[in-house]
Peer 1: 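Dropping a structure here in structure tokens format, bear with me for questions.
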Amino acid sequence: MNIRNIAIIAHVDHGKTTLVDKILHSTNIFRDNQETGDLIMDNNDLERERGITIFSKNVSVTYKDVKINVIDTPGHSDFGGEVERVLKMADGVLLLVDAFEGPMPQTRFVLQKALQLGLKPIVVINKVDKENCRPDEVHDAVFELFFNLDATEEQLDFPTIYGSSKQGWMNTSITPTDNIVPLMDAILEFVPEPKINEGATQMQITSLDYSAFLGRIAIGKVARGSVKEGQNIVMIQADGKQVKSKVRELYTFEALGKKKATEVFAGDICAVVGLESFNIGDTICDVETPEALPVISVDEPTMSMMFSINNSPFFGREGKFVTSRHLRDRLMKETEKNLALRVEDTDGADSFLVFGRGILHLGILIETMRREGFELTVGNPQVLVKEIDGKKCEPYENLVVDVPAEFSGKVIDLVTQRKGEMTIMESKGEMQHLEFEIPSRGLIGLRSTMLTGTAGEAVMAHRLLEYRPWKGVIPGRNNGVLLSKNTEKTTGYSIDKLQDRGRFFVDPGDEVYAGQIIAEHIKPGDLNVNATEPKKLTNHRASGSDDASKAAPKILMTLEECMEYIQQDECIEVTPKSIRMRKVILDENERNRVSKNMKAEAI
Ligand SMILES: Nc1nc2c(ncn2[C@@H]2O[C@H](COP(=O)(O)OP(=O)(O)OP(=O)(O)O)[C@@H](O)[C@H]2O)c(=O)[nH]1
Ligand SMILES: [Mg+2]
């Protein structure tokens, strides 16, 4: 059978998953009575809630008797390494670009990877239904990007399709149609058939899947020969070590699922069950002639966070898994499938240092763990500093901000305070397009300040550039916090009294403990407050006013917002039901003593 293998790549939110959904629908893979919601591809709970793709996924459709394996990839930069790996299964890519936003930092990254692999992209200018979109300008910008990334003559001669994945149409011009046929035809025309190499079995594992029944499943494209059910094979690992194993079961991708196969030939993508302890990048080989494919580089972590057991006074109230043993086992298990993650033991038996690719990457792990019933404490995220040529270096990122012109001064101000330097400023429709180079440290906590500073109008994206020399002190959070003096239920009476001191993170009636961060101070400096005072009884009857109702609603912060909010001496208590920010040292006197000592040492 004729095969095409394509990966869909783009910046976050440019419409990849929506397009894959439309491809599935248009090829009629659903039975008439089958219920099909939107974004069937983002099928994991967290993906649905956040509306983003976290894991790349394989599906397959048949169009004009050709089997098309489609790989949907995540667009968020924290998962860029995943895209790079799965591109190894593709013989062509659809590069989606939002017809308004144009190329963004992650567009550049994924395109660069595709070009380096010698793939010839089909450019899809998506979302041309959007008001104010600028498909022609965006097309020019994409061409320029290809050019800047040293595309070959052939790659520069890319075909372009315009359309709206949301409305379900694609065309070779911006004139709407009622189907995606022009795109499907372009795939058949421009994506080369996979190379069919005859010879002994060779297949590199580029991705993995889990099944409660089958265990870990290895996914990759058969590069040479074929893989057979029951075949004895050798896996060659990155360090050259060879491990014998056996293909227990074999599957190819069909529609949204997998179909059992007895033999899969070079060029097709398949899933292998039964391999013990494989790693991404291992080559599955014939036993007689084991030959490895080039090693896949796994992305280095850029950020670390301390994970410890929960030691707050509310320990054990809400979670099932609370011991350091639970925590360690869970983290170690995660490293089996979460490639960019690294876990190190520390001097303390209850704490582990976890390294990841960014706030979202680590945040999703923590969120997954709390849903499984874990309680834990996490510290503030730290970027990884490296010594290069004897110099202390830190990661730098390319930051892109699109904002209405009236706010651009404010944005430049905020970024420069955090040691960012502007490299580009141009207008894009009615928006101002700003680009900066900024230490990753400076980005932590920037999003919320930026949104507050621009009335929620700023759209920002960033992507790792490289390590550069350490840029010196970057100011942390401006405001201090209000800390609870005692462990009790807060009262509407006291919160009401404290309203002009800070903006609260808790509601009247919430239980808090001493040392918990219950509000943001309106000024710099921390304040210990009593938020649990009951209303004084007087001889007068209450006038019917309820103090609780006067308090402003609490500020709701997501886990990742909390991660960006806390400072060095603070941490977050995470349980299945609650996320609380607190001081590492809960006792007020102890805290004061330590901070005095620290100040003394600094002098
Ligand atoms: N107006 C318009 N909106 C679209 C179009 N395609 C997708 N969207 C919307 O854009 C948002 C993101 O779409 P997704 O398909 O999830 O984007 P994605 O590229 O898969 O995003 P990640 O997987 O997170 O990188 C959703 O709200 C879609 O409804 C389009 O053609 N026009
Ligand atoms: Mg997606």
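Heavy-atom basis, side chains included; hydrogens, waters and symmetry copies ignored. Everything numeric in this text was worked out from a predicted model, so none of it was measured.
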Peer 1: State plainly whether the residues R50 and E47 are in salt-bridge range, i.e. N to O under 4.0 Å.
Peer 2: no
Peer 1: Nearest 0.5 Å please: distance from the CG atom of L275 over to the CD1 atom of I284.
Peer 2: 5.0 Å
Peer 1: Compute whether any side-chain donor of one residue and acceptor of the other, for S56 and E82, lie under 3.5 angstrom apart.
Peer 2: yes
Peer 1: Using a distance-only test with no angle check, is there a side-chain donor-acceptor pair under 3.5 angstrom linking T252 and D268?
Peer 2: no
Peer 1: Tell me whether D185 is salt-bridged to K64, with the criterion being a basic N under 4.0 Å from an acidic carboxylate O.
Peer 2: yes
Peer 1: Side chains of Q432 and S427: donor-acceptor distance under 3.5 Å anywhere?
Peer 2: no
Peer 1: Using the side-chain contact (heavy atoms from CB on, under 4.5 Å) criterion, which residues pair with P404? Sequence neighbours excluded.
Peer 2: E406, F407, M431, E457
Peer 1: Between R357 and E300, does a salt bridge (Lys or Arg N to Asp or Glu O under 4.0 Å) hold up when you go through it step by step?
Peer 2: CA-CA 8 Å; R357 292 286 297 175; E300 289 289 312; over 6 Å; no
Peer 1: Quick one: salt bridge (charged side-chain N to carboxylate O under 4.0 Å, His left out) pairs with a partner in residues 110-123, sequence neighbours left out?
Peer 2: E84-K113
Peer 1: How far does CD of E229 sit from OH of Y251, to the nearest 0.5 angstrom?
Peer 2: 8.5 Å
Peer 1: Not counting sequence neighbours, which residues clear salt bridge (Lys or Arg N to Asp or Glu O under 4.0 Å) with E137? List them please.
Peer 2: R134
Peer 1: Do T17 and D72 have a side chain donor and acceptor closer than 3.5 Å?
Peer 2: yes
Peer 1: For K67, is there an ion pair with E254 - N to carboxylate O distance below 4.0 angstrom?
Peer 2: no
Peer 1: Any salt bridge linking D91 with K195? Criterion: basic side-chain nitrogen under 4.0 Å from a carboxylate oxygen.
Peer 2: no
Peer 1: List the atom pairs, donor and acceptor, that lie under 3.5 Å between side-chain atoms in residues 146-159 and the rest of the protein, sequence neighbours left out.
Peer 2:
residue, atom, partner, partner atom, Å
N148, ND2, E144, O, 3.4
T152, OG1, Q155, N, 3.1
T152, OG1, Q155, OE1, 3.3
Q155, OE1, T152, N, 2.9
Q155, NE2, L115, O, 3.2
Q155, NE2, L119, O, 3.0

Peer 1: Please name all residues satisfying salt bridge (Lys or Arg N to Asp or Glu O under 4.0 Å) with E466, sequence neighbours left out, ordered by chain then number.
Peer 2: R468
Peer 1: State, without any angle test, whether T160 and H139 hold a side-chain donor-acceptor pair at a distance under 3.5 Å.
Peer 2: yes
Peer 1: Strictly by modelled atom types, are E397 and S440 linked by a side-chain donor-acceptor pair under 3.5 Å?
Peer 2: yes
Peer 1: Looking only at side chains, do H76 and D13 share a donor and an acceptor under 3.5 Å apart?
Peer 2: no
Peer 1: Does this structure show an ion pair linking R371 with E367, if we count only N-O contacts that are shorter than 4.0 Å?
Peer 2: yes
Peer 1: Show which side-chain atoms of residues 92-105 pair as donor or acceptor with protein atoms under 3.5 Å away, not counting sequence neighbours.
Peer 2:
residue, atom, partner, partner atom, Å
D98, OD1, F100, N, 2.7
D98, OD1, E101, N, 3.0
D98, OD2, K130, NZ, 3.1
E101, OE1, H14, NE2, 2.7

